[in-house]
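What follows is a single structure, written as structure tokens, with notes after it.
Please read all numbers here as calculations on a predicted model, not as lab measurements.
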Amino acid sequence: MAAMPTAAANGIEICYDTIGDPADPTLLLVNGLGSQLLSWDPEFCAALADRGFHVVRYDNRDVGLSTHVDARVDVLGVMRARAAGEALPPVPYTLSDMAADAVGLLDHLGVDRAHVLGASMGGMIAQTIAIEQPDRVITLTSIMSTTGDPDVGTPTGEALTALLAPPAQTREEYQESLVAHAAVWGSPGLYDTDRLRALGGAAWDRDHDVFGVGRQMAAISASGSRSAALAGLAVPTLVIHGTADTLVQPSGGERTAEVIPGATLLMIEGMGHDLAPPLWPQIIEAVTAHAAANV
């Protein structure tokens with residue numbers, strides 16, 4: 001893969017990639033926990049570009065080729081303190097910082113306003129961008145995400161166990177972990193194991209910081225609930241969630257759509273916690289229609 005550009009944004013360096021015509025409206029894609037910009041499949045991005053978007057994908061801080069924060073964090077301590085309503089141990093950053101990273105990237109690209117789409121943790125970041133800098137967001141699309149409320153969107157026991165399992169130590173282990181995770185929370189019968197192994201190999205070769213994911217998890221937990229702020233949102237919002245999602249269960253998407261005024265909820269039958277290729281046409285059509293209705 002050719003070297004990708006980087007942007008100085010919010011005090012860090014962000015690695016990014018663009019697909020499509022810069023004259024078209026920008027669609028900013030925000031990644032989920034621990035995933036690199038590679039997780040937005042080039043074919044998926046090209047299909048969005050074909051629908052008239054200038055697609056921007058990037059590595060969040062602490063993954064890929066963006067800046068990695070040199071700090072240890074007590075992830076389980078943060079999660080326990082949040083659950084108990086106690087003072088939190090220190091965290092190196094929150095979702096607000098990650099949202100500011102994204103806006104800094106838009107600044108670098110000279111983009112005043114963008115359609116912002118986030119998946120999973122990326123949906124949380126996208127929501128935070130819309131809350132904190134709504135003038136930069138034309139539309140918000142939140143996919144397989146949640147509000148941060150502790151009573152919705154929680155993983156099943158099996159999914160939580162898989163999420164908190166010790167990280168892979170080798171390239172092959174990482175490839176197989178993606179396949180194993182898909183068996184727990186992927187779209188049943190729809191995910192492609194060969195694609196997952198190829199993605200895992202490419203991602204491992206690019207970067208494998210086992211501590212970055214923990215810092216991102218701590219940021220999610222430390223950021224708490226967004227429901228009250230989302231209730232005041234005036235950004236046109238589409239919420240997409242799968243009925244088969246075991247990592248962020250469907251109640252997370254339902255609550256998101258419930259609290260955001262005028263939000264549209266699209267529940268996709270059989271979709272898990274992934275963007276399986278057979279689901280792309282439905283998702284792309286929904287995102288395109290949402291953008292077209294809110295130019």
Side-chain angles (χ1 to χ4, degrees), residues 6-15 30-37 39 58-107 116 118-133 136 142 145-155 159-169 203 207-230 247-248 252 255-256:
T6 60
N10 194 30
I12 65 170
E13 290 288 325
I14 295 177
C15 181
V30 191
N31 289 346
L33 177 69
S35 67
Q36 302 179 34
L37 59 78
S39 65
Y58 71 100
D59 290 328
N60 284 312
R61 58 170 66 195
D62 265 336
V63 296
L65 302 182
S66 290
T67 296
H68 290 238
V69 178
D70 184 15
R72 295 295 180 96
V73 62
D74 179 4
V75 183
L76 293 179
V78 174
M79 295 172 73
R80 283 193 293 264
R82 171 63 68 187
E86 299 171 351
L88 303 180
V91 296
Y93 55 86
T94 66
L95 294 178
S96 289
D97 297 300
M98 301 181 81
D101 296 345
V103 173
L105 175 58
L106 294 180
D107 290 341
V116 180
S120 195
M121 180 188 75
M124 303 173 196
I125 296 169
Q127 292 170 25
T128 305
I129 297 169
I131 290 166
E132 297 181 354
Q133 302 211 45
R136 306 302 296 271
S142 181
S145 194
T146 186
T147 59
D149 294 316
D151 61 328
V152 293
T154 54
L160 182 62
T161 298
L163 180 67
L164 297 179
Q169 298 299 313
D207 165 64
H208 46 274
D209 178 357
V210 297
F211 298 110
V213 176
R215 290 188 288 267
Q216 290 187 349
M217 289 180 69
I220 292 171
S221 188
S223 296
S225 170
R226 290 172 295 284
S227 280
L230 290 171
L247 186 58
V248 178
R255 175 68 59 80
T256 305

Under 3.5 Å, is there a donor-acceptor pair between the side chain of [X] and the main chain of [Y]?
{"X": "Q216", "Y": "L33", "result": "no"}
{"X": "S145", "Y": "M124", "result": "yes"}
{"X": "S66", "Y": "V63", "result": "no"}
{"X": "D62", "Y": "V69", "result": "yes"}
{"X": "Q133", "Y": "I131", "result": "no"}
{"X": "R82", "Y": "S221", "result": "yes"}
{"X": "T147", "Y": "R255", "result": "no"}
{"X": "N31", "Y": "G122", "result": "no"}
{"X": "Q36", "Y": "A203", "result": "yes"}
{"X": "T67", "Y": "E13", "result": "yes"}

So, for [X] and [Y], which heavy atoms are closest and what is the spacing to 0.1 Å?
{"X": "A81", "Y": "L88", "value": "CB-CD2, 3.7 Å"}
{"X": "A9", "Y": "G104", "value": "CB-C, 3.5 Å"}
{"X": "V75", "Y": "A218", "value": "CG1-N, 4.3 Å"}
{"X": "G118", "Y": "A126", "value": "N-CB, 4.0 Å"}
{"X": "A168", "Y": "V210", "value": "O-CG1, 4.2 Å"}
{"X": "V30", "Y": "Y58", "value": "CG1-OH, 3.4 Å"}

Take H68 and D207 through the side chain to side chain contact (heavy atoms under 4.5 Å, CB included) test and state the conclusion after the steps.
-> CA-CA 10 Å; H68 290 238; D207 165 64; 3.3 Å; yes

With sequence neighbours left out, the residues meeting side chain to side chain donor-acceptor pair (under 3.5 Å) with D101 are N10, R61

Distance under 6.0 Å and angle within 45° of the ring axis: does R215 meet both against Y93?
-> no

Is any side-chain heavy atom of [X] less than 4.5 Å from a side-chain heavy atom of [Y]?
{"X": "V78", "Y": "M217", "answer": "no"}
{"X": "R136", "Y": "D107", "answer": "yes"}
{"X": "V116", "Y": "I125", "answer": "no"}

Rounded at 0.5 Å granularity, tell me how far [atom1] in [X] sits from [atom2] in [Y].
{"X": "N60", "Y": "C15", "atom1": "CG", "atom2": "SG", "result": "11.5 Å"}
{"X": "T128", "Y": "L95", "atom1": "OG1", "atom2": "CG", "result": "5.0 Å"}
{"X": "I129", "Y": "L106", "atom1": "CD1", "atom2": "CG", "result": "7.0 Å"}
{"X": "I12", "Y": "D59", "atom1": "CD1", "atom2": "CG", "result": "10.0 Å"}
{"X": "Q127", "Y": "S223", "atom1": "CD", "atom2": "OG", "result": "11.0 Å"}
{"X": "T154", "Y": "L160", "atom1": "OG1", "atom2": "CG", "result": "9.0 Å"}

So with a 6.0 Å cut-off around CG of D70, is the heavy-atom count from everything else above 12?
-> no

